[in-house]
Each structure stands twice: as structure tokens, then as C-alpha cells.
Participant: 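My structure is below; once you've seen it, I'll send some questions.
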Amino acid sequence: MKFMKLGTKPDSFQSDEDCIRYVASDLATDVVVNVGDVKFYLHKFPLLSKSSRLQKLIAATVDEQSDNEIDIPDIPGGSPVFEICAKFCYGMTVTLNAYNVVAARCAAEYLEMYETVESGNLVYKIEVFLNSSVLRSWKDSIIVLQTTRTFHPWSEDVKIDVRCLESIALKAAMDPARVDWSYTYNRRKLNNDGVPRDWWVEDLNELSIDLYKRVISTIRRNGRVLPEVIGDALEVYAAKRIQTDDDLDEQRCLLKTLISLLPSEKQSVSCGFLIKLLTSSVSLGCGVEEDVRKKLSRRIGEKLEEASVDDLLIRASSEGCETVYDIGIAENLIDEFISQTERRDELICSDMNQGNVSVSDGSKAVVAKLIDGYLAEISRIEPNFLFEGELFIAIAEKVSCFPRSSHDGVYRAIDMFLKQHPGIAKSEKKTICRLMDSRKLSPEACAHAVQNERLPLRVVVQILFFEQVRATAKPSLPPSGSHGSSRTTTTEEECDSVTATTEETTRDKTSSSEKTKTKGVVMSRIFSKLWTGKDRDCVGDVSSSDTSESPGSATTVDDKSTPSTRRRRSSS
């Protein structure tokens with residue numbers, strides 16, 4: 001920290017109780033200055049030689065034939081700062097630093113200690129110290145800016161706050177290779193790895209929101225800092241400052257200010273940060289306007305593919321909400337993404353004359369995977385999701401037409417829902433399972449599904465049937481959604497026929513206590529029927545694997561060849 005010493009004489013100010021200060025001298029004091037509750041017994045000459053205001057006040061007491069007692073109750077900083085100015089008038093040693101320089105400058109302005117009164121006066125010396133030392137220091141500039149709040153509007157009148165803002169903004173825009181003064185980073189401590197471009201972000205976290213807003217606005221106005229770095233700064237500040245259990249009015253003001261400071265560039269702020277702001281705005285209630293929430297939702301919809309499952313797990317803010325997590329917000333964000341991608345596709349396809357080719361397929365595929373993972377996780381952790389079965393289907397159907405390399409994620413979401421809610425009706429199970437395209441399951445997912453007792457028998461038969469077709473057919477199956485293939489129609493009809501027969505056999509020949517055992521017998525018969533004439537070793541791998549978790553619960557399942565599929569391909 002920079003400092004400056006003024007004066008050379010020893011400090012001779014002394015106290016008599018708490019409310020009296022005087023100068024130890026052989027000369028009798030001839031003026032009393034009342035500053036708040038403190039009386040200063042001083043000498044006229046040192047004061048009059050430096051302060052124009054004191055000259056006027058003392059002259060007024062002489063005209064009134066009073067006892068030479070004057071009052072200055074409104075001096076910035078009160079009695080401690082007046083004492084600094086008085087010591088300077090006496091030539092006593094005074095030390096200025098970043099913590100007291102604003103107070104001294106404002107008090108000197110109040111006392112009118114200008115060069116017109118005496119050369120080398122206090123205002124001039126403080127200005128030299130500010131410009132040559134304090135404002136050249138990153139650390140001191142931040143400290144001085146913090147102290148200006150206490151001395152408003154005097155600090156604004158002498159333009160200390162504006163100069164601090166410009167100093168901080170200029171330093172934040174500097175080449176990181178030249179930075180060596182930060183609170184947080186120091187090149188000697190970084191093992192020569194260099195200073196990151198956002199080196200200044202942490203250092204501003206102690207600023208109050210009003211000062212922080214002025215700093216960020218000045219940095220943005222100068223235009224020398226990348227929008228992504230400003231976005232990082234806002235995210236770090238929000239993480240430290242936003243606490244929904246604190247004073248609501250203060251938090252609402254904080255949140256609205258941060259939202260107003262968001263850079264407009266799409267990639268300047270992370271999707272996760274935008275979702276956190278939206279979540280906080282809901283938690284804080286009506287203090288954040290509806291149009292602000294809509295603005296946030298639109299920005300999230302522009303880049304939903306960047307979100308994670310954890311980002312969408314938003315706690316419900318209302319105590320009377322039926323679910324622990326706010327599923328409605330996640331659903332609204334999906335709707336926003338869909339509407340924006342549809343508009344974007346229409347505009348781009350029209351401009352580029354690309355017909356029905358969507359330029360958003362990549363984003364849609366990522367969002368489809370995201371929603372699959374979200375449905376699986378919300379099914380696992382939301383205790384009341386059983387009552388939201390229709391919502392599960394509604395959300396899944398929103399992205400059902402999105403491109404997917406496989407339906408393993410859909411299968412896992414369905415399996416997790418069925419596992420957590422084993423008592424749902426058979427008809428609802430079938431409805432939920434229709435969300436999955438059995439032809440798009442990986443071999444690993446198929447191997448898991450055929451042993452999954454939570455799935456309806458009809459679905460298991462379909463999976464086995466399509467696996468057999470995939471293993472034996474020379475051309476690949478048409479993609480999901482194609483209806484022009486007679487082969488696909490035939491296989492589905494045959495599969496339904498086999499399913500109906502086995503279900504009827506199961507109902508006629510078993511009691512409710514023997515369903516599990518009978519299902520295994522039926523499965524053996526189905527295997528035998530479907531693999532007639534083929535190497536039975538091909539189903540040897542699907543025997544007794546654990547079906548408690550579906551594929552993809554730990555890692556993402558890719559379309560890889562397993563030993564069983566390699567044998568199928570070699571035999572075919």
C-alpha cells in the first residue's frame with residue numbers, strides 16, 4: 001500500500017478526557033473549534049494561514065465580539081479528519097494512505113485549503129499523492145473507491161470516485177502479461193504459468209453492488225475487455241453475493257442489477273449461470289419483473305444445449321408445491337428452445353434455400369440427450385413424480401422428433417421411472433414405453449432390456465424381434481419414422497402376433513403368483529422361435545446380468561460391437 005508523510009514537527013496534540021483536544025504549547029490558545037462533541041483548543045495563526053473557510057468563520061466571531069468559538073459540525077469525516085487537517089496547519093507529521101486519503105481530501109475541500117491561500121497547501125499535496133501513487137496502484141484504487149461511499153457527495157464533487165473507476169477499468173483491460181499487482185494473483189506465485197485474462201474478477205467481489213455496477217459499466221463502456229470475461233466476473237460476484245435467505249429487498253436489487261449488466265453477446269454468459277439467475281428470480285418472488293424472467297428464458301433457450309442435467313434440477317420455491325423440484329420451469333425452457341430453433345431453422349433454410357434440411361440438428365441431438373438424462377434423474381429423485389406421469393410423457397414427447405444416434409437414453413429414463421413407480425397400471429407402462437424406438441437400442445441396451453421384468457412383455461418381444469432382424473437382414477433397417485418399408489411393417493405385425501399369442505398363453509396358464517416364472521418360460525420359447533436355425537450361443541451373453549440399473553446410468557453407451565454381436569455378424 002502506498003503512503004505519504006506530510007510535515008516534520010512531532011505530534012503535540014493531547015487529550016483532556018474524551019471530548020477535549022489541545023496543542024501542548026507555551027502559547028495560550030486563542031480559538032475553540034467545535035467539531036461534533038469534541039472541542040479543539042487551537043491557535044488562530046496556523047489555521048488562518050491554510051484555511052480560507054476558517055478565516056471567514058473566525059472573522060465572523062470577531063465582528064460578533066464572541067469568545068472566539070466556532071462550530072463546524074458538518075465537516076466530512078468528523079473530528080478525526082479535522083485533526084489531520086489541523087496537524088497539517090501546524091506542520092506536524094501526518095501520514096496519508098488509501099484508507100484516509102478520501103476523508104482528508106474531502107475535509108480539505110470543505111476547509112478550502114487551496115493554493116490561493118498558501119502554496120503547497122493540503123488540497124494540492126493530496127492531489128499529487130492520488131495521481132502519482134494511489135491511482136496507479138490496483139489495490140489502492142479499489143480501497144479508495146470503497147471509501148468514497150462514506151463521503152458522498154463530497155467525493156463525487158472532487159471526482160475521486162470517477163478517477164478510481166477509470167483507473168480500475170484501465171487496469172482490467174491491460175495485457176495479463178504485464179499484471180503484477182493483483183490481490184488474487186501474483187506472477188511470482190504462479191510458477192511462470194502466466195496471469196489469466198480474468199485475473200481481476202475476484203478482486204472486485206468485496207465492492208458493494210452500487211460500486212460494482214459502476215465499475216462493470218465503466219469497463220463495458222471502455223470496450224477493451226472481452227464480453228466473456230465480463231460474464232465470468234458477474235458469475236463469480238453472483239455466486240458470492242446472492243443468498244436467498246438474506247434481506248429480500250437487498251437481494252432483489254442485487255439480482256436485478258446483475259441481470260441488467262449481462263453482456264448481450266450470446267457466448268458471453270454460461271447457460272448454467274443464466275438458469276441460476278432465473279431460479280433466483282423465482283425464489284425471490286415478485287420483486288423481479290416478469291419481463292426480466294422472460295428475457296432470461298429467451299437467452300437460456302438460445303443455448304440450452306450447453307446446460308447440464310444438474311442445471312435443470314431446480315428446487316421448487318413454493319412450500320405448497322406438490323413436487324420438490326420445479327418441473328414447470330424446465331418444461332418452459334424446453335418450449336423456448338423448440339420455438340427458437342424452429343424460427344431459426346425457418347430463417348436459415350429460407351435464406352440458404354436448403355429445403356427441409358435443419359441446421360439445428362446438432363443442437364437438437366444434444367438437447368434430446370439432455371432431456372433424456374433429466375427425465376431419468378428427476379424420476380429417481382422426485383418422490384412425487386408418480387403423480388406427474390402425464391408430465392413425464394409430455395416432456396419426452398417434446399423432443400421425440402429430435403435426432404438421436406440411439407434411444408438408450410430414452411430407455412434409461414423409462415426404466416428409471418418404472419423402477420421408482422412399480423405400481424403404475426399396465427396401460428400406463430405401455431404408453432410410456434411407446435416413447436422408445438426399440439430399433440434404435442444399442443446391443444448393450446437390448447441385452448439389458450430383454451431381462452428387464454419392469455418392461456411389458458410386448459416391448460421385450462419387440463426388442464428381441466428387431467435384434468433378430470438386425471442380425472439377419474443384409475440391408476440395414478430403415479431409420480425410425482420411415483413408413484415406406486414393407487419389411488418394417490411385416491416385422492412389426494409378426495412381432496405383435498407373437499406378443500399377443502404369448503400374452504394370451506401367459507394369462508390362461510398361470511396364476512398371479514407364478515407370473516414371473518412363466519414370463520421366463522415364455523421368454524425361452526420366444527428365443528427358440530426367433531433363433532431357429534441359428535447359433536444359439538448368440539444369446540448366451542444375455543443370461544443373468546443385473547437389471548437394477550439400465551445401461552448408461554454410469555457411462556454413456558455408444559454403438560459398439562460386443563462379443564455376441566460380432567458372432568452374429570460372422571454367422572450371418
Participant: Taking salt bridge (charged side-chain N to carboxylate O under 4.0 Å, His left out) as the definition, give me every residue that meets it alongside Arg21, ordered by chain and number, with sequence neighbours left out.
Facilitator: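 Listed in chain order: Glu83.
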
Participant: Taking only residues at least two apart or on different chains, which pairs with a member in residues 91-110 satisfy ring-ring contact (aromatic ring centres under 6.0 Å, His included)?
Facilitator: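 Passing the test, one end in residues 91-110: Tyr110-Trp154.
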
Participant: Who passes salt bridge (charged side-chain N to carboxylate O under 4.0 Å, His left out) against Asp249, sequence neighbours left out?
Facilitator: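 Partners of Asp249 under the salt bridge (charged side-chain N to carboxylate O under 4.0 Å, His left out) test: Arg252.
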
Participant: How many angstroms lie between OG in Ser297 and CG in Leu274, if you round to the nearest 0.5 Å?
Facilitator: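 It comes to 10.0 Å.
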
Participant: Output all residues satisfying salt bridge (charged side-chain N to carboxylate O under 4.0 Å, His left out) with Asp335, sequence neighbours left out; order by chain, then residue number.
Facilitator: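 Expected list: Lys398.
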
Participant: Thinking salt bridges, do Glu112 and Lys56 make one under a 4.0 Å N-O criterion?
Facilitator: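 Result for this pair is yes, salt bridge flagged.
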
Participant: List in chain and number order the residues that pass side-chain hydrogen bond (donor to acceptor under 3.5 Å, both in side chains) with Asp11, two or more places apart in sequence or in another chain; answer none if no residue qualifies.
Facilitator: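 Result, side-chain hydrogen bond (donor to acceptor under 3.5 Å, both in side chains) vs Asp11: Lys87.
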
Participant: Strictly below 4.0 Å, N to O, side chains only: are Arg380 and Glu377 in salt-bridge contact?
Facilitator: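 So Arg380 pairs with Glu377 through a salt bridge.
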
Participant: With a 4.5 Å cut-off on side-chain heavy atoms, are Pro263 and Val269 touching?
Facilitator: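 Yes - at least one pair of side-chain heavy atoms lies under 4.5 Å apart.
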
Participant: Identify, with sequence neighbours excluded, every residue that meets side-chain hydrogen bond (donor to acceptor under 3.5 Å, both in side chains) alongside Lys171.
Facilitator: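 Only Ser167 meet the side-chain hydrogen bond (donor to acceptor under 3.5 Å, both in side chains) criterion with Lys171.
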
Participant: What donor-acceptor contacts under 3.5 angstrom involve side-chain atoms of residues 116-126, with partners at least two apart or in another chain?
Facilitator:
from   : atom 1 : to     : atom 2 : distance (Å)
Glu118 : OE1    : Lys50  : NZ     : 2.8
Asn121 : ND2    : Lys50  : O      : 3.0
Asn121 : ND2    : Tyr114 : O      : 2.8

Participant: Among residues at least two apart in sequence or on other chains, which ones pass salt bridge (charged side-chain N to carboxylate O under 4.0 Å, His left out) with Arg163?
Facilitator: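 Testing Arg163 for salt bridge (charged side-chain N to carboxylate O under 4.0 Å, His left out), a comparison that skips the adjacent residues, returns Glu127.
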
Participant: Could you check whether Phe13 and Tyr22 have their ring centres less than 6.0 Å apart?
Facilitator: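 For Tyr22 and Phe13, the ring centres are not under 6.0 Å apart.
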
Participant: By side-chain hydrogen bond (donor to acceptor under 3.5 Å, both in side chains), which residues pair with Asp198, not counting sequence neighbours?
Facilitator: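 For Asp198, no residue satisfies side-chain hydrogen bond (donor to acceptor under 3.5 Å, both in side chains) once neighbours in sequence are set aside.
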
Participant: Which donor-acceptor pairs under 3.5 Å do the side chains of residues 215-225 make with protein atoms, sequence neighbours left out?
Facilitator:
from   : atom 1 : to     : atom 2 : distance (Å)
Ser217 : OG     : Lys213 : O      : 2.7
Thr218 : OG1    : Arg214 : O      : 2.7
Arg220 : NH1    : Leu261 : O      : 2.7

Participant: Before accepting this row, confirm whether a basic side-chain N of the pair Arg105/Glu109 lies closer than 4.0 Å to the acidic partner's carboxylate O.
Facilitator: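 Yes, charged N to carboxylate O under 4.0 Å.
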
Participant: For Arg149, which residues count as a side-chain hydrogen bond (donor to acceptor under 3.5 Å, both in side chains) partner, sequence neighbours excluded?
Facilitator: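 Per chain and number, Arg149 pairs via side-chain hydrogen bond (donor to acceptor under 3.5 Å, both in side chains) with Ser208, Asp210.
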
Participant: Where is the tightest heavy-atom contact between Asp71 and Leu57, given as atom of each residue plus distance?
Facilitator: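 Closest approach of Asp71 to Leu57: O-CD1, 4.5 Å.
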
Participant: If you draw a 6.0 Å radius around NZ in Lys276, do more than 12 non-hydrogen atoms from other residues or ligands fall strictly inside?
Facilitator: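 No, because the 6.0 Å sphere around NZ of Lys276 holds 12 heavy atoms or fewer from other groups.
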
Participant: Show me the pairs that pass salt bridge (charged side-chain N to carboxylate O under 4.0 Å, His left out) and involve residues 227-240, at least two apart or across chains.
Facilitator: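 Salt bridge (charged side-chain N to carboxylate O under 4.0 Å, His left out) check on residues 227-240 returns Glu206-Lys240.
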
